[in-house]
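Letters A, B, ... are given to chains in the order of the sequence lines, protein chains preceding strands, and every chain is numbered from 1.
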Amino acid sequence: MIVYESNRFWVKDMVNFTRSYTMKKIIFGVLLIGSYTGLVCFVYEFYGLESNLHSGIYSLLGVILSILLVFRTNTAYDRWWEGRKQWGALVNNCRNYAIMVESLLPANDKDTRRFFAKHIANFCIALRDHLRDGVKTDALLLLSDEEISELTPKKHKPNHISLWLYKKMTALQKAGVLSEADAINMKIHHNSLLDILGACERIRKTPIPFSYAVHIKLFITVYGIMLPFGMIADFGYHTIGLVMVIFFALLGLELMAEEVEEPFGVDCNDLPTGDIAHNIKNNVFEILMDERPVQEEAKRELYEKIH
Amino acid sequence: MIVYESNRFWVKDMVNFTRSYTMKKIIFGVLLIGSYTGLVCFVYEFYGLESNLHSGIYSLLGVILSILLVFRTNTAYDRWWEGRKQWGALVNNCRNYAIMVESLLPANDKDTRRFFAKHIANFCIALRDHLRDGVKTDALLLLSDEEISELTPKKHKPNHISLWLYKKMTALQKAGVLSEADAINMKIHHNSLLDILGACERIRKTPIPFSYAVHIKLFITVYGIMLPFGMIADFGYHTIGLVMVIFFALLGLELMAEEVEEPFGVDCNDLPTGDIAHNIKNNVFEILMDERPVQEEAKRELYEKIH
Amino acid sequence: MIVYESNRFWVKDMVNFTRSYTMKKIIFGVLLIGSYTGLVCFVYEFYGLESNLHSGIYSLLGVILSILLVFRTNTAYDRWWEGRKQWGALVNNCRNYAIMVESLLPANDKDTRRFFAKHIANFCIALRDHLRDGVKTDALLLLSDEEISELTPKKHKPNHISLWLYKKMTALQKAGVLSEADAINMKIHHNSLLDILGACERIRKTPIPFSYAVHIKLFITVYGIMLPFGMIADFGYHTIGLVMVIFFALLGLELMAEEVEEPFGVDCNDLPTGDIAHNIKNNVFEILMDERPVQEEAKRELYEKIH
Amino acid sequence: MIVYESNRFWVKDMVNFTRSYTMKKIIFGVLLIGSYTGLVCFVYEFYGLESNLHSGIYSLLGVILSILLVFRTNTAYDRWWEGRKQWGALVNNCRNYAIMVESLLPANDKDTRRFFAKHIANFCIALRDHLRDGVKTDALLLLSDEEISELTPKKHKPNHISLWLYKKMTALQKAGVLSEADAINMKIHHNSLLDILGACERIRKTPIPFSYAVHIKLFITVYGIMLPFGMIADFGYHTIGLVMVIFFALLGLELMAEEVEEPFGVDCNDLPTGDIAHNIKNNVFEILMDERPVQEEAKRELYEKIH
Amino acid sequence: MIVYESNRFWVKDMVNFTRSYTMKKIIFGVLLIGSYTGLVCFVYEFYGLESNLHSGIYSLLGVILSILLVFRTNTAYDRWWEGRKQWGALVNNCRNYAIMVESLLPANDKDTRRFFAKHIANFCIALRDHLRDGVKTDALLLLSDEEISELTPKKHKPNHISLWLYKKMTALQKAGVLSEADAINMKIHHNSLLDILGACERIRKTPIPFSYAVHIKLFITVYGIMLPFGMIADFGYHTIGLVMVIFFALLGLELMAEEVEEPFGVDCNDLPTGDIAHNIKNNVFEILMDERPVQEEAKRELYEKIH
């Protein structure tokens with residue numbers, strides 16, 4: 001995610017468009033279509049060709065395309081926002097979990113507190129990596145050697161961390177530390193962990209249906225190839241600029257949708273899942289261990305990119 | 001589902017459009033209208049006919065049609081995405097269920113663990129087939145002979161598997177293995193199984209109302225028949241290409257909507273329910289039996305089709 | 001509901017449009033406006049009148065109207081789909097309820113099982129009729145004479161069936177057959193029954209606000225009256241066909257919205273609530289009484305209408 | 001709310017448009033703009049003025065405005081419909097509550113039953129008035145003198161009725177009449193009462209942001225002032241009719257949105273909260289007191305207005 | 001938030017547009033583009049330049065832009081409304097919480113009541129400030145010195161207040177004042193506090209993706225720069241007024257979206273979180289302490305701004 005303030009700095013935001021990789025791709029696509037249009041114009045001019053196409057019908061196609069692209073944008077943005085909601089829910093859930101553990105355990109049981117603090121934080125870190133390129137045990141916090149050797153062969157590591165937490169809770173329940181009501185209350189947080197995980201997996205693994213993806217790409221491509229011919233009769237060399245602006249709008253919608261559709265990577269519009277996992281860790285340790293976090297929360301620069 | 005990466009390979013995606021059966025149907029429809037338009041153009045040219053229709057009014061009709069088709073697309077896509085959400089919820093639910101069972105049972109009770117692992121997995125497999133062409137008992141895992149003879153006459157097999165699971169839980173509760181709180185907690189997962197089943201049945205059995213389906217088909221057909229006459233005066237033989245592009249956009253929306261509306265089959269845009277059921281099986285067996293899955297997860301090729 | 005397969009039989013679907021009563025109304029309206037337009041054309045032609053109106057401004061009005069009608073369609077369809085969801089939830093709920101009862105009761109208590117099977121099914125049947133023209137006790141199943149005489153004077157019969165179920169559960173709880181946890185778990189299903197009932201009542205009793213209904217009808221009527229005058233200068237006798245196509249699109253959206261807005265009747269686009277209630281009955285009896293249903297599930301014909 | 005049947009009586013609905021106060025306001029606004037346009041036309045005609053504005057650009061503005069107004073309509077309608085859902089939920093909740101109380105109390109405890117029947121009904125009546133012009137204790141049912149004197153000084157009366165209900169339940173729980181499970185089950189209904197209240201307060205107190213309200217009003221006003229000038233060159237005196245139709249569409253959307261946005265009053269499109277509260281009272285008394293309601297449910301006339 | 005009544009005072013609302021800071025920004029932007037357009041017109045006129053651009057293509061761009069801006073508006077408004085819903089849920093939750101505490105505690109335990117009243121109110125106040133510029137302990141109510149010294153070093157203060165509440169509840173549960181069922185019921189309210197907090201943090205910290213923000217700003221800017229050239233041939237000096245109206249519509253949507261997107265500040269369209277927190281305090285103290293609030297609820301002036 002790129003840090004910015006949406007309702008200030010109109011010009012400064014625009015000037016910093018290069019911070020967004022996708023904006024660079026869009027600009028590149030726009031320059032490409034501009035060159036192509038320039039070539040077409042030149043050829044028409046040079047050979048004195050005439051076109052009997054006019055811009056009316058392109059308006060119809062443009063409107064259809066933009067309606068379609070807003071559908072595309074809506075669904076992609078919904079995934080992005082749902083991803084953000086899931087990570088927001090993870091924050092809430094981990095805080096509530098930690099507060100429950102802190103309140104219910106006997107005041108002097110530091111070890112169990114550490115166990116929960118450690119593994120709640122580890123679940124979040126594992127989730128971040130599970131949604132990127134796979135969990136590596138050395139990214140996790142404070143694992144004992146036997147924990148590492150137990151976790152390493154598992155194919156689905158976040159599942160196993162969740163299992164550890166659940167087993168610990170069951171043991172506390174059987175030992176009488178937690179009452180029946182506590183077990184019911186705490187269960188909700190266990191469930192949430194895997195529900196959030198599953199929702200993120202779903203978003204990550206399921207882009208829009210292939211037919212839609214191809215349909216939109218074909219439509220944009222054909223529209224782009226045809227567009228200059230329809231405008232050259234009316235606008236001459238101005239066609240170049242107009243085609244570029246139209247393409248900026250339409251191609252931009254498609255490329256941005258492609259990016260935000262899968263929001264758990266490290267692209268510049270992706271969610272700062274690493275940052276959120278880090279905050280959860282700090283919150284949980286503050287609640288359970290009363291520890292000041294070792295790494296201070298960094299001050300964010302404007303237009304800084306955070307993962 | 002066809003495997004692809006939405007924000008790379010623009011050209012490669014387009015070139016592989018034939019992987020999508022629906023795209024082939026769209027292209028076929030577009031060629032059909034193209035031939036028809038060619039015929040009309042030829043007749044006009046040959047007999048020197050004049051048309052006093054012009055393209056303005058077709059723009060209005062085109063805009064109305066595209067607004068209508070986006071409504072169509074939205075509702076169809078919502079079903080597809082809701083179907084995906086339900087199967088995602090099934091994944092979460094089965095994992096949580098397995099973790100609960102693993103934590104709450106006595107460590108040495110392998111049989112009950114096997115029972116739950118087997119029937120949770122079977123429920124998912126049965127659901128997959130129930131939504132396709134009916135459950136066959138030999139697709140299910142590790143059923144004993146008496147289970148087969150009990151299940152075979154049942155009309156609604158997933159119901160019965162759910163009943164088995166519930167009865168086993170009740171027995172454990174009565175035997176004192178599960179506490180009251182555990183019964184409350186575990187009940188949630190039982191409920192979810194049938195809730196997910198019911199939601200998928202609903203999506204599968206209820207397409208959009210018949211009137212809407214007919215209305216849209218009639219509208220597209222009439223629009224297609226009229227379109228060449230309205231453009232021929234303005235565009236001559238270029239009409240053929242333009243009509244094809246407009247039709248590609250509009251017909252494509254309708255045909256893709258028809259396909260994704262019922263997402264549990266084995267079409268190329270359908271959800272990979274078989275694949276998801278397979279993953280659930282692996283997850284559940286890893287948690288409950290600590291078994292490495294027999295079938296390794298296959299590496300997916302780009303543009304491979306998975307069911 | 002009319003049975004059809006949305007992604008096959010394009011032409012067959014169109015040919016069977018008469019199965020839909022609403023499509024017949026639309027066609028009737030379209031013919032009406034066509035005759036009117038024909039009359040106007042004839043008068044203009046006959047008296048050699050000239051119109052200085054042209055079709056541009058009608059495009060604007062047409063676009064506004066279609067945007068408005070899609071809003072109309074969305075809200076109407078949402079009610080229809082929510083109605084379907086509620087009945088889907090009823091299916092899930094009744095199955096889960098039956099499975100709970102089956103598992104928790106002592107194996108030999110046939111009477112209580114019959115009680116629940118009977119009244120769960122009766123609730124669904126009563127709901128179907130409550131949303132149509134009122135519950136008649138002789139449509140209900142297996143009621144004893146005293147039950148009939150108790151139920152008959154009640155104004156709100158589904159409420160009372162729900163009360164019977166709840167009272168039976170409370171009695172079982174007090175008798176110690178059901179534990180506290182069971183009472184909590186089973187309560188959810190009782191609540192759902194009335195929640196679903198209430199949601200269906202809400203959909204049935206509250207159409208869109210009167211002002212919207214009148215606004216749209218006035219707008220369509222005025223637009224229809226004005227339309228021929230605006231097109232006659234440009235299109236001559238072709239106006240008749242064009243006006244009919246435009247009206248088919250716009251009037252169709254309104255009339256279909258009016259129909260699906262209240263989806264619990266026996267119109268051809270209404271939900272097959274009778275059919276669903278019948279399925280629930282079969283499912284519940286299979287689970288609780290292990291009875292093969294007396295009436296076999298009928299094989300559905302294509303384009304058959306089911307209530 | 002005005003009683004009508006949306007899919008019958010097309011003409012009769014239109015003729016009765018005066019039942020809707022908002023429709024009258026719209027017609028008034030349309031006549032105003034019509035007179036203004038007439039004046040402009042007359043002045044142009046009289047002085048032989050020419051306008052170089054044409055209707056194209058007004059189409060763009062009209063489309064933008066209508067897109068904006070549909071956004072406006074959607075958000076306003078969503079509030080209206082959410083309000084309706086909340087009151088629907090209130091119905092469900094009160095019925096379920098009454099059924100719980102009826103089943104769990106000892107059969108001969110008439111007093112407690114009367115207490116619950118009275119105060120559940122009172123809560124609904126108080127809610128209705130709280131959302132209009134404040135709760136008056138004499139609108140409530142069967143209050144004892146001490147209840148009146150306790151309630152009168154409270155600023156937030158529905159809160160206090162909810163407190164009474166909760167205290168009674170707690171007392172029953174402590175007296176052993178209600179078990180722990182019953183307390184958990186019944187709590188849900190208590191929560192719902194205040195959740196519904198809060199949601200209605202939210203809808204009532206928060207119209208769309210002031211900037212949006214002003215933006216739309218300014219835009220419509222400026223558009224209305226400019227519109228005649230842009231059409232007079234093309235349409236002459238026909239401008240008057242066309243401007244009126246366009247304004248009918250656009251102004252209507254805004255004025256209807258303003259009305260349904262706050263749906264708890266006694267306007268003709270507002271929800272019949274009084275009627276719903278009355279029905280809840282009847283339902284609850286039927287369940288708990290087996291009393292035939294004193295006031296029979298009135299037969300509704302078509303186009304009757306109910307609050 | 002600015003107090004107004006949306007369905008009265010059309011003219012008065014418009015006249016008071018200056019109450020909205022954003023409206024002033026919009027007007028400023030509109031005047032800027034107006035001056036620029038005037039300059040362009042003057043230059044064209046002065047040098048007798050001709051433009052071969054016409055307004056058709058600008059219509060297409062305008063429609064695309066407005067579709068895009070409605071997407072923008074929808075997502076921004078959704079955040080605003082979700083923020084309002086969260087604060088509404090906070091109101092419900094705190095009232096229910098207070099009612100529970102009031103009913104369950106022994107009648108004479110004033111201290112615990114005061115504890116809950118104080119800290120429920122403090123949570124809301126802390127939340128308000130946490131979403132603005134950070135919590136200051138001296139804004140909180142009735143904190144003892146040791147509470148201040150405990151709270152001050154915490155990085156996340158609302159978390160800690162929630163922890164206090166939870167610990168108090170756990171102590172009451174262990175002391176036998178609250179039963180198991182009470183613990184389950186009360187837990188829901190604790191969870192809600194942090195869930196609401198987390199949802200508000202999410203809205204505050206995550207504006208729409210940077211690429212979208214830049215894309216829209218670039219598009220509006222380029223469109224604004226090009227617009228005069230396309231209209232000058234058709235409209236001459238009237239271009240100035242038309243460009244200003246178009247810009248008013250489009251720029252307005254963007255600027256208002258930017259403002260409402262982050263609704264927890266003290267801007268004029270922001271939610272009155274301070275006011276809501278104040279009301280919660282009054283409600284909670286009325287329920288738990290039977291105290292008349294010290295500060296009377298102020299009578300709101302029309303167009304008054306409340307935070």
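- Considering every non-hydrogen atom in both Pro209(C) and Tyr4(D), the closest pair reads O-OH, 3.9 Å.
- Counting heavy-atom pairs closer than 4.5 Å to chain D, the top residue among Met226(C), Glu261(C), Glu258(C), His190(C) is Glu258(C).
- Proximity of Ile220(C) to Trp10(D): side-chain heavy atoms (C-beta onward) are separated by under 4.5 Å at one or more points.
- For a residue to count as touching a neighbouring chain, one of its non-hydrogen atoms must lie under 4.5 Å from one of that chain's; by this rule Trp80(D) touches chain C with the side chain only.
- With a 4.5 Å cut-off on non-hydrogen atoms, Lys168(C) does not touch chain D at all.
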Exercise. Kindly determine whether Lys205(C) and Asn279(D) satisfy side chain to side chain contact (heavy atoms under 4.5 Å, CB included), including the steps that lead there.
Key: CA-CA 13 Å; Lys205(C) 284 193 184 165; Asn279(D) 284 339; 4.2 Å; yes

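- Here Asn92(D) is the residue among Thr73(D), Val70(D), Asn92(D) with the most heavy-atom pairs under 4.5 Å with chain C.
- When heavy atoms are compared at a cutoff of 4.5 Å, Leu178(C) does not approach chain D at all.
- Looking at Ile216(C), neither its backbone nor its side chain comes within 4.5 Å of chain D, counting heavy atoms on both sides.
- Considering only heavy atoms from C-beta on, Asn191(C) comes within 4.5 Å of His189(D) through its side chain.
- When Thr221(C), Asp182(C), Ile188(C), Leu255(C) are compared by the number of non-hydrogen pairs under 4.5 Å with chain D, Thr221(C) comes out ahead.
- Counting heavy-atom pairs closer than 4.5 Å to chain D, the top residue among Leu197(C), Ile203(C), Asn74(C), Asn159(C) is Asn159(C).
- Your options are Glu180(D), Glu102(D), Glu259(D), Arg84(D), and the one with the most heavy-atom pairs under 4.5 Å with chain C is Arg84(D).
- The part of Ile184(D) that comes within reach of chain C is its side chain, from C-beta onward, which places non-hydrogen atoms under 4.5 angstrom from that chain.
- The candidate from Gly252(D), Pro272(D), Ala249(D) with the greatest count of non-hydrogen atom pairs under 4.5 Å with chain C is Ala249(D).
- Of the atoms belonging to Ala181(C), not a single heavy atom falls under 4.5 Å from chain D.
- Side chains of Val245(D) and Phe219(C) form a contact here, defined as non-hydrogen atoms less than 4.5 Å apart.
- Among Thr206(C), Leu193(C), Leu68(C), the residue making the largest number of heavy-atom pairs under 4.5 Å with chain D is Thr206(C).
- Leu61(C) contributes atom CG, which lies 5.0 Å from atom CD1 of Ile246(D) (distance to the nearest 0.5 angstrom).
- Within the 6.0 Å centre-distance limit, the rings of His215(C) and Phe248(D) are counted as a close aromatic pair.
- Each of Ile67(C), Asp195(C), Ile64(C) has some count of heavy-atom pairs under 4.5 Å with chain D, and the biggest count is that of Asp195(C).
- Figure legend: cation-pi geometry between Arg79(C) and Trp81(D), with NZ or CZ positioned under 6.0 Å from the six-membered ring centre and within 45° of its axis.
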Exercise. Test Ser179(D) against Gln173(C) for side chain to side chain contact (heavy atoms under 4.5 Å, CB included), laying out the working first.
Key: CA-CA 10 Å; Ser179(D) 70; Gln173(C) 185 189 354; 3.7 Å; yes

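- Of the inter-residue distances, the one linking Glu286(D) atom CD with Lys154(C) atom NZ reads 5.5 Å to the nearest 0.5 angstrom.
- Surrounding OH of Tyr237(D) are more than 12 heavy atoms belonging to other residues, nucleotides or ligands, all under 6.0 Å away.
- For Leu250(D), the part sitting under 4.5 Å from any heavy atom of chain C is the side chain, from C-beta outward, and nothing else.
- Minimum interatomic distance between Ala257(D) and Tyr212(C) (heavy atoms only, all atoms of both residues): N-OH, 3.7 Å.
- For chain C, the option among Val63(D), Asn283(D), Val91(D) with the highest count of heavy-atom pairs below 4.5 Å is Asn283(D).
- For a residue to count as touching a neighbouring chain, one of its non-hydrogen atoms must lie under 4.5 Å from one of that chain's; by this rule Tyr21(D) does not touch chain C.
- Considering only heavy-atom pairs separated by less than 4.5 Å from chain D, the leading option among Ser162(C), Pro207(C), Ser211(C) is Ser211(C).
- Only the side chain of Phe71(C) comes within contact range of chain D, with heavy atoms under 4.5 Å apart.
- Val260(D) touches chain C through its side chain: at least one heavy atom from C-beta onward sits under 4.5 Å away, while N, CA, C and O do not.
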Quiz item: Which is it for Lys85(D) and Glu82(C) under the side chain to side chain contact (heavy atoms under 4.5 Å, CB included) test, yes or no, and what are the steps along the way?
Solution: CA-CA 12 Å; Lys85(D) 277 187 175 161; Glu82(C) 195 200 342; 4.1 Å; yes

